[in-house]
Trainee: 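Dropping the structure in here first, questions after.
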Amino acid sequence: MKYQTLTPDEAAALIENGENIGLSGFTAAGVPKATTRAIAKKAEEEHAAGRPFKINLFTGASTSASTDGALAKANAVDQRTPYQSSPDLRKNINGGHTRYNDMHLSHTAQYMRYGALPRVKTAIIEAANITDDGEITLTTAGGNSPTYCKLADRIIIELNSYHPKELREMHDIYMPLDPPHREPLPLIAPDHRIGTHTLKVDPAKIVGIVHTNEPDGIGAFKDGDPVTDKIGENVVVFLEEELKKGKIPASFLPIQSGVGNIANAVLAALGRSQEIPPFKMYTEVIQDSVIDLMKQGRCIMVGGCSLTVSDGMLADMYKDLDFFKSRVILRPQELSNNPEIVRRLGLICINTAIEVDLFGQVNSTHFFGKQMMNGIGGSGDFARNGYLTIFTCPSIAKGGAISSIVPMVSHHDHTEHDVDIVVTEQGVADLRGKCPRDRAKEIIENCVHPDYRQLLLDYMALTPQGHTPHNLGKAFEMHNAFLGTGDMRNANFAPAE
Ligand code: 0RQ
């Protein structure tokens with residue numbers, strides 16, 4: 001191989017204070033590991049020597065403990081875009097040490113090409129293979145690698161021998177043109193391939209190869225609990241009814257599903273349904289539950305941005321690669337999350353809310369208006385453009401001291417115009433075609449926990465007039481009751497005696 005071999009420390013030595021870095025990967029899948037750990041170590045050494053050292057980090061989505069975790073612990077991240085889920089980084093963001101730009105995941109690559117985001121100087125890309133003429137086989141994610149490699153001055157490759165070179169056949173790499181030359185994206189079915197198996201870069205940009213042999217380090221999800229299982233069941237009963245009414249075609253529609261325990265429970269319930277036929281998925285994150293559904297023949301194929309499966313599951317897949325490489329397609333997120341394609345394919349989009357208000361606005365990112373949890377991720381790419389947009393959440397949090405249904409959300413991610421269905425363990429609210437007052441009635445009757453029903457009816461009674469009957473003086477009374485007393489049930493909307 002013609003490229004220079006670098007140790008992780010030698011690669012990290014190339015990185016300067018204030019540099020814009022673009023990483024491969026999406027979630028912990030396909031993210032570089034050794035180089036980023038070495039950059040964190042370098043940051044600690046620089047800080048110990050009294051010198052400033054922080055980088056600006058652009059990724060696909062969240063990363064891993066070796067990246068966001070290690071860099072955050074070393075206080076080595078100044079700007080961070082577009083999504084994270086690291087407890088350490090979250091602390092730095094909410095503490096004001098890291099400037100976080102939370103954005104739709106389909107936007108990052110094009111915004112950087114348009115010049116709206118700073119251009120990355122260095123791309124660090126995890127690869128399963130690299131040829132002398134610059135053909136990269138990505139590992140377990142498409143991410144933003146094509147754009148970061150195109151714009152970067154230099155590329156560091158982490159060649160990870162843990163992953164088989166045959167992964168190339170899963171990838172479908174395609175980069176849309178930029179305005180004013182844009183053309184329709186020629187992808188008209190979830191199993192269409194429109195691009196190439198490998199990512200071609202200018203080999204002159206490759207400054208070195210860091211050799212690794214390391215799994216993505218993804219743990220298995222917790223088993224479902226009664227609440228997540230009931231949410232999953234409610235989603236599936238609703239979809240079965242829609243199918244019976246002919247509102248969903250008999251052949252069913254492709255599914256997009258978010259991440260986390262609720263998403264896993266929804267997928268498991270879809271697997272158990274006797275009414276829903278085997279289906280395709282067009283999504284971003286491919287979790288363990290999707291692979292289980294493929295093994296059972298319930299999911300025919302899946303196109304997504306990342307194979308975010310546990311290490312054990314990935315090892316099993318690699319033993320049966322012939323089965324999976326014809327059924328799994330990995331795409332860059334500009335394609336997997338592209339609103340044009342989401343709308344064309346008619347996706348059923350299922351994502352998770354932190355908070356929903358009586359009129360159907362959804363908060364997926366913040367606690368009490370100011371504390372960032374993870375970020376909007378791809379939920380908005382899908383929600384606005386889905387055939388059917390479903391948001392799920394438990395009706396209560398923190399043992400009942402918090403109601404997930406509130407008069408007004410404390411942060412807006414998805415507006416009332418983008419939310420069709422809300423599902424909690426209590427039931428399903430169908431908001432389609434309804435005015436705000438009727439939406440509130442539907443949500444209180446079907447989704448609110450019994451402890452909070454009267455309270456929210458009392459809120460509705462405060463304002464007899466107005467299209468959206470808010471009372472601005474009282475809209476955050478439940479939030480304030482929690483902040484002041486530790487329990488939203490202490491809010492009081494009843495008229496004075
Ligand atoms: O905290 O465990 O300390 O009690 O919020 O916890 O278990 O991480 O929940 O895995 O289902 O994730 C919305 C965060 C849910 C995720 C979110 C507390 C609650 C608990 C939640 P504790 P878990 P989940 C795909 C698409 C946005 C982006 C998205 C997410 C913790 O799904 O980040 O969908 N989604 N992207 O107790 C205060 C409330 C609360 C609350 C819950 N109202 N107020 N705390 N909690 N409700 C991803 C990508 O795009 C890559």
Side-chain angles (χ1 to χ4, degrees), residues 25-31 59-64 68 82-87 90 102-108 141-144 218-219 221-222 224-225 227-228 231-232 256-266 283-287 304-306 308 333 336-337 342 349-357 362-383 386 389-411 413-414 418-419 423-425 448-449 452 476 478-479 481-483 486-488:
F26 191 96
T27 69
V31 174
T59 61
S62 54
T63 65
S64 61
D68 275 331
Y83 182 78
Q84 62 78 41
S85 63
S86 153
R90 187 179 299 140
D102 173 27
M103 68 187 297
H104 296 304
L105 298 186
S106 71
H107 281 175
T108 316
N144 283 321
I218 298 167
F221 272 98
K222 290 186 283 190
D225 58 42
V227 171
T228 56
I231 294 173
Q256 176 267 330
S257 157
V259 286
N261 296 315
I262 297 176
N264 248 2
V266 171
T283 192
E284 50 175 17
V285 178
I286 303 170
Q287 301 192 134
C305 186
S306 67
T308 308
Q333 64 208 71
S336 65
N337 288 30
V342 173
C349 301
I350 311 168
N351 291 287
T352 313
I354 285 176
E355 212 177 39
V356 182
D357 76 21
V362 166
N363 162 19
S364 285
T365 56
H366 283 68
F367 296 141
F368 296 92
K370 66 174 191 179
Q371 295 295 114
M372 171 56 72
M373 173 65 174
N374 298 332
I376 192 165
S379 53
D381 293 325
F382 291 98
T389 291
I390 301 174
F391 278 93
T392 58
C393 62
S395 67
I396 49 173
K398 305 289 178 209
I402 289 177
S403 170
S404 307
I405 316 288
V406 289
M408 186 187 266
V409 283
S410 60
H411 178 91
D413 291 299
H414 310 290
D418 301 333
V419 181
V423 181
T424 68
E425 80 289 355
V448 169
H449 190 276
Y452 286 95
F476 294 117
M478 285 171 58
H479 296 86
F482 180 82
L483 294 173
D487 200 319
M488 281 188 175

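First listed ligand is number 1; within each ligand, the first listed atom is number 1. Computed from heavy atoms alone, side chains included, the values below leave out hydrogens, waters and symmetry copies.
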Trainee: Determine whether Tyr83 and Thr59 satisfy the following criterion, side-chain contact (heavy atoms from CB on, under 4.5 Å), listing intermediate values before the conclusion.
Mentor: CA-CA 8 Å; Tyr83 182 78; Thr59 61; 5.9 Å; no

Trainee: Go through Gln84 and Thr63 one step at a time and tell me if the side-chain contact (heavy atoms from CB on, under 4.5 Å) criterion holds.
Mentor: CA-CA 7 Å; Gln84 62 78 41; Thr63 65; over 6 Å; no

Trainee: For atom 26 (C) of ligand 1, is the nearest protein heavy atom under 4.0 Å away?
Mentor: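 Under the 4.0 Å cut-off, atom 26 (C) of ligand 1 does have protein heavy-atom neighbours.
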
Trainee: For Ser403, is at least one N or O under 3.5 Å away from an N or O on ligand 1?
Mentor: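 No, Ser403 has no N/O under 3.5 Å of an N/O on ligand 1.
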
Trainee: Mind checking whether Ser62 has a heavy atom under 4.0 Å from ligand 1?
Mentor: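 Under 4.0 Å: no for Ser62.
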
Trainee: Stepwise, does the side-chain contact (heavy atoms from CB on, under 4.5 Å) test hold for Val342 with Cys349?
Mentor: CA-CA 9 Å; Val342 173; Cys349 301; 4.3 Å; yes

Trainee: Considering non-hydrogen atoms of the protein only, which is the closest contact for atom 7 (O) of ligand 1, and what is the distance?
Mentor: Asn261 ND2, 4.0 Å

Trainee: To the nearest 0.5 Å, how far apart are OG1 in Thr27 and CD in Glu284?
Mentor: 9.0 Å

Trainee: Quick one: nearest non-hydrogen protein atom to atom 16 (C) of ligand 1, plus distance?
Mentor: Asn374 ND2, 4.0 Å

Trainee: Under 4.0 Å from a heavy atom of Val259: which atoms of ligand 1 are those, numbered in the order shown and with their elements?
Mentor: 25 (C), 32 (O), 48 (C)

Trainee: What protein heavy atom lies closest to atom 12 (O) of ligand 1? Include the residue and the distance to one decimal.
Mentor: Thr352 CG2, 4.8 Å

Trainee: Side chains of Ser403 and His449, heavy atoms from C-beta outward: is any pair under 4.5 Å?
Mentor: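 With C-beta onward as the side chain, the pair stays apart.
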
Trainee: Is there a donor-acceptor contact under 3.5 Å linking the side chains of Thr228 and Asn261?
Mentor: no

Trainee: Quick one: look up the protein heavy atom nearest atom 41 (C) of ligand 1 and list residue, atom name and how far away it is.
Mentor: Phe367 CE2, 3.3 Å

Trainee: By number and element, which atoms of ligand 1 are closer than 4.0 Å to a non-hydrogen atom of Gly377?
Mentor: 50 (O)

Trainee: For ligand 1, which atoms sit closer than 4.0 Å to a heavy atom of Met373?
Mentor: 8 (O), 14 (C)

Trainee: Considering only protein heavy atoms, determine whether one is less than 4.0 Å from atom 9 (O) of ligand 1.
Mentor: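 Under the 4.0 Å cut-off, atom 9 (O) of ligand 1 has no protein heavy-atom neighbours at all.
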
Trainee: Under 4.0 Å from atom 50 (O) of ligand 1, is there any protein heavy atom?
Mentor: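 Yes.
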
Trainee: Could you grab the distance from atom OG of Ser379 to atom CG of Asn374, nearest 0.5 Å is fine?
Mentor: 10.5 Å

Trainee: Below 4.0 angstrom from a heavy atom of Lys398, which ligand 1 atoms are there? Numbered from 1 as shown, please.
Mentor: 1 (O), 3 (O), 4 (O), 22 (P), 37 (O)

Trainee: Show the nearest heavy-atom pair for residues Ser62 and Ser85, with the distance to one decimal.
Mentor: CB-OG, 3.4 Å

Trainee: Are Arg90 and Gln371 close enough that some pair of their side-chain heavy atoms sits under 4.5 Å apart?
Mentor: no

Trainee: With a 4.0 Å cut-off, strictly under, does atom 22 (P) of ligand 1 pick up any protein heavy atom?
Mentor: yes

Trainee: Against heavy atoms of Ile376, which atoms of ligand 1 measure under 4.0 Å?
Mentor: 28 (C), 29 (C), 36 (N)

Trainee: If the cut-off is 4.0 Å to any non-hydrogen atom of Gly375, which atoms of ligand 1 fall inside it?
Mentor: 27 (C), 28 (C)

Trainee: How close does the nearest protein non-hydrogen atom get to atom 35 (N) of ligand 1, and which residue and atom is it?
Mentor: Ser364 O, 3.9 Å

Trainee: Output the distance between atom CG (Asn337) and atom CD (Gln256), rounded to the nearest 0.5 Å.
Mentor: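 One finds 8.0 Å between CG of Asn337 and CD of Gln256.
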
Trainee: Could you state the interatomic distance from CG (Asn351) to CG (Asp418), rounded to the nearest 0.5 Å?
Mentor: 11.5 Å

Trainee: Kindly assign one of parallel, tilted or perpendicular to the pair His366 and His411, based on the angle between their ring planes and the thresholds 30° and 60°.
Mentor: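 Because their plane-to-plane angle is under 30°, the rings of His366 and His411 count as parallel.
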
Trainee: Purely on distance, is any nitrogen or oxygen of Glu355 under 3.5 Å from one on ligand 1?
Mentor: no

Trainee: Run the numbers for me: atoms of ligand 1, each under 4.0 Å from some heavy atom of Ile354, listed by number.
Mentor: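 Counting from 1, the qualifying ligand atoms are 13 (C), 39 (C), 40 (C), 43 (N), 47 (N).
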
Trainee: Examine the side chains of Asp381 and Ser106 and answer whether a donor and an acceptor come within less than 3.5 Å of each other.
Mentor: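 There is such a pair between these side chains.
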
Trainee: How far is atom 34 (O) of ligand 1 from its nearest protein heavy atom, and which residue and atom name does that atom have?
Mentor: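 Here the nearest protein heavy atom works out to Ser379 CB, 3.6 Å.
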
Trainee: Compare Ser257, Pro82, Ala397, Gly258 and give the one whose heavy atom is closest to atom 42 (C) of ligand 1.
Mentor: Ala397

Trainee: Using a strict cut-off of 4.0 Å, indicate which atoms of ligand 1 neighbour a heavy atom of Asn351.
Mentor: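 Going through ligand 1 atom by atom, the ones under 4.0 Å from Asn351 are 26 (C).
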
